[in-house]
Amino acid sequence: KHSALGAQKGRDGTMSANQPEQVPVGSPDFLQVPGQECCVSEPGSDYGEGGHSAGALSDGDAWSSPNEYSSSDATPGSPARASQLPPRPDPPTLLGGHQLKYIPGIHGDNAPNTWCIIDGTEFRVRGLNYMSDRKKYHSRTVGLDLLGIDLIKSHRRIDHITDHPQNPARQYLQPGNPYLFTVNFQVATASDYLHLCVYAQVPADPLSRMSEKTWNLFKYFIAEDTPNNIRNNTFKLIPSMVVGPWLAKKAVGNKPALVGNKLTCRYYRSENHFEVAIDVGSSTAGKYILNIMKTYVKGTVVDLAFLLEGKSPAQLPEQLLAGIRIFHADLDTIIARSPVIE
């Protein structure tokens, strides 16, 4: 039986998980390490390099190195298609899941307040020789299994929300379950905080979905002794407004951002999960984009994709970890009806 974890003070004074000493039997080798307290990373330098964009490449564009993408879900020399993603069950019902309904399939049905999984192949990422030729190519299909997203309201900012006692997502933390990766977007409203949480799991056979380079980089990112400044300069978000007014598209952009260099990120690590908590309103730019989105979000379709930045041939080509598409979200209704946890 999974029990609630206690809390202890981290080096920065914030609260963190007090990790159990025993690692669940059957955990992958890369999880056989002690836990680590919460660490806070303040924003530093600007976004990563420009020139990335989301969207399909023309038929004339090629892969950086076809052999790098050879796998069961990608044909060498051409992008893996959405239909080649392994079948997935519908995500389980989460606390606020009824506010943003999951639509099976890759492209959804464009209904308001819905979301779907994206396979990632329409996004361009750094190729094998990017450090010398600066060329980008289609990503192969995403490397993690997307479980679901949730909308949770609280009267305070909740950082380590994955293991919050009132969060049904703790069902994913049962002993023997695959390793869980959470991205927690924290959005301050007029009187409360709204948390958009994206949950994904490491596949049972990681190398069936990820290249060996991506898998090694992921293990390094979540490792106990990886410095937070490295994490800030590795975790990357690519937004893409598929449908929306010009002003909103311009504000959101479609270039990859090293999130920890622009917004305050907090990292929480355990033997069975890792959380990236992103304070969306922690910078002037973040507040500006958020205000634009609040104004126009009902008329938008937005993609969010996550990956780790490769900075050397040993870490390239890049590959998306996960991605979601959100259709015409009515924030006023969502905020009013979202469940509250304390």
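Position 1 is the first residue of the sequence; numbering continues from there.
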**OP:** Dump the intermediate steps for side-chain contact (heavy atoms from CB on, under 4.5 Å) on V142 and L321, then the final yes or no.
**Re:** CA-CA 5 Å; V142 293; L321 294 178; over 6 Å; no

Subject >> Gap separating the NZ atom of K153 from the CD1 atom of I158, nearest 0.5 angstrom >> reply: 12.5 Å

Subject >> Approximate separation, where rounding is to 0.5 Å, of I238 CD1 and F123 CZ >> reply: 6.0 Å

Original post:
How long is the gap from NE2 on H273 to CG on N177, to the nearest 0.5 Å?
Top reply: 12.5 Å

**OP:** Name all residues meeting the salt bridge (charged side-chain N to carboxylate O under 4.0 Å, His left out) criterion together with D192; count only those two or more places apart in sequence or in a different chain, and write none if there are none.
**Re:** none

**OP:** Could you give me the CA-CA distance, side-chain angles and deciding distance for V301 and H328, then say whether side-chain contact (heavy atoms from CB on, under 4.5 Å) is met?
**Re:** CA-CA 6 Å; V301 176; H328 311 295; 3.7 Å; yes

Subject >> F181 side, atom CZ; L146 side, atom CG - distance, nearest 0.5 Å >> reply: 12.0 Å

Original post:
Side chains of N261 and N233: do they bring a donor and an acceptor to under 3.5 Å?
Top reply: yes

Original post:
Can any side-chain N or O of T214 pair as donor or acceptor with the backbone N or O of M210 at less than 3.5 Å?
Top reply: no

Original post:
Can a donor-acceptor pair be found between the side chains of S270 and N272 at a distance below 3.5 Å?
Top reply: yes

Original post:
Counting N and O atoms only, with roles assigned by atom type, does the side chain of Q174 sit under 3.5 Å from a partner on the main chain of Q171, one being a donor and the other an acceptor?
Top reply: no

Original post:
Would you say the side-chain atoms of Y199 pair up with the backbone N or O of T182, donor to acceptor, closer than 3.5 Å?
Top reply: no

Subject >> Any H164 side-chain heavy atom under 4.5 Å of I341 side chain >> reply: yes

Subject >> Nearest-0.5 Å distance, CG of residue L237 to NZ of residue K255 >> reply: 15.0 Å

Original post:
If two hydrophobic side chains count as joined below 4.5 Å and joins carry through other members, does W215 share a cluster with L144?
Top reply: yes

Original post:
Looking only at heavy atoms, which two atoms of K135 and Y130 are closest? And how far apart?
Top reply: O-CD1, 3.3 Å

**OP:** Determine yes or no for a side-chain-to-main-chain donor-acceptor pair under 3.5 angstrom, with Q201 supplying the side chain and L180 the backbone.
**Re:** no

Subject >> Derivation and outcome, side-chain contact (heavy atoms from CB on, under 4.5 Å), residues I324 and D303 >> reply: CA-CA 6 Å; I324 60 173; D303 287 354; over 6 Å; no

Original post:
On the ring face of Y267, is R231 found with NZ or CZ under 6.0 Å from the centre and within 45° of the axis?
Top reply: yes

Original post:
Are any non-hydrogen side-chain atoms of V183 and F235 less than 4.5 angstrom apart?
Top reply: yes

Subject >> T162 side chain near N184 side chain, heavy-atom distance below 4.5 Å >> reply: no

Subject >> Any residue meeting ring pair (Phe, Tyr, Trp, His ring centres under 6.0 Å) with F306, in chain and number order, not counting sequence neighbours >> reply: none

Subject >> Closest non-hydrogen atom pair, R269 against A223 >> reply: NE-C, 3.5 Å

Subject >> All side chain to side chain donor-acceptor pair (under 3.5 Å) counterparts of K250, not counting sequence neighbours >> reply: none

**OP:** Answer whether the closest heavy-atom distance between the side chains of R126 and E309 falls below 4.5 Å.
**Re:** yes

Subject >> Between F221 and F274, ring centroids under 6.0 Å >> reply: yes

**OP:** Mind listing the closest non-hydrogen atom pair of G310 and M131 along with its distance?
**Re:** O-SD, 4.5 Å

**OP:** Considering non-hydrogen atoms only, spot the tightest contact between Q315 and L217 and give its length.
**Re:** NE2-CD1, 3.7 Å

Original post:
Are the side chain of T226 and the backbone N or O of Y220 linked by a donor-acceptor pair below 3.5 Å?
Top reply: yes

Original post:
Does a side-chain heavy-atom distance below 4.5 Å link R266 with N228?
Top reply: no

Original post:
Quick one: does F218's side chain get under 4.5 Å of L308's, heavy atoms only?
Top reply: yes

Original post:
Is a side-chain donor or acceptor of T300 paired with a backbone partner of V302 at a separation under 3.5 angstrom?
Top reply: no

**OP:** Drop me the distance from R157's CZ to T264's OG1, to the nearest 0.5 angstrom.
**Re:** 8.0 Å

**OP:** Work out which heavy atom in P313 is nearest to a heavy atom in K213; give both atom names and the distance.
**Re:** O-NZ, 2.9 Å

**OP:** Taking all heavy atoms of R209 and all of P203, pick out the closest pair and write down the distance.
**Re:** CG-CG, 3.9 Å

Original post:
Side-chain contact, heavy-atom cut-off 4.5 Å: V187 with L196?
Top reply: no

Original post:
Can a salt bridge be assigned to the pair E318 and K236 using a cut-off of 4.0 Å between side-chain N and carboxylate O?
Top reply: yes

Original post:
Does some side-chain heavy atom of I161 sit less than 4.5 Å from a side-chain heavy atom of N167?
Top reply: yes

Original post:
So, the side chain of H138 versus the backbone of T121: is there a donor-acceptor pair under 3.5 Å, distance only?
Top reply: yes

**OP:** Could you please spell out the steps behind the side-chain contact (heavy atoms from CB on, under 4.5 Å) verdict for K136 and V125?
**Re:** CA-CA 5 Å; K136 301 174 291 290; V125 298; over 6 Å; no

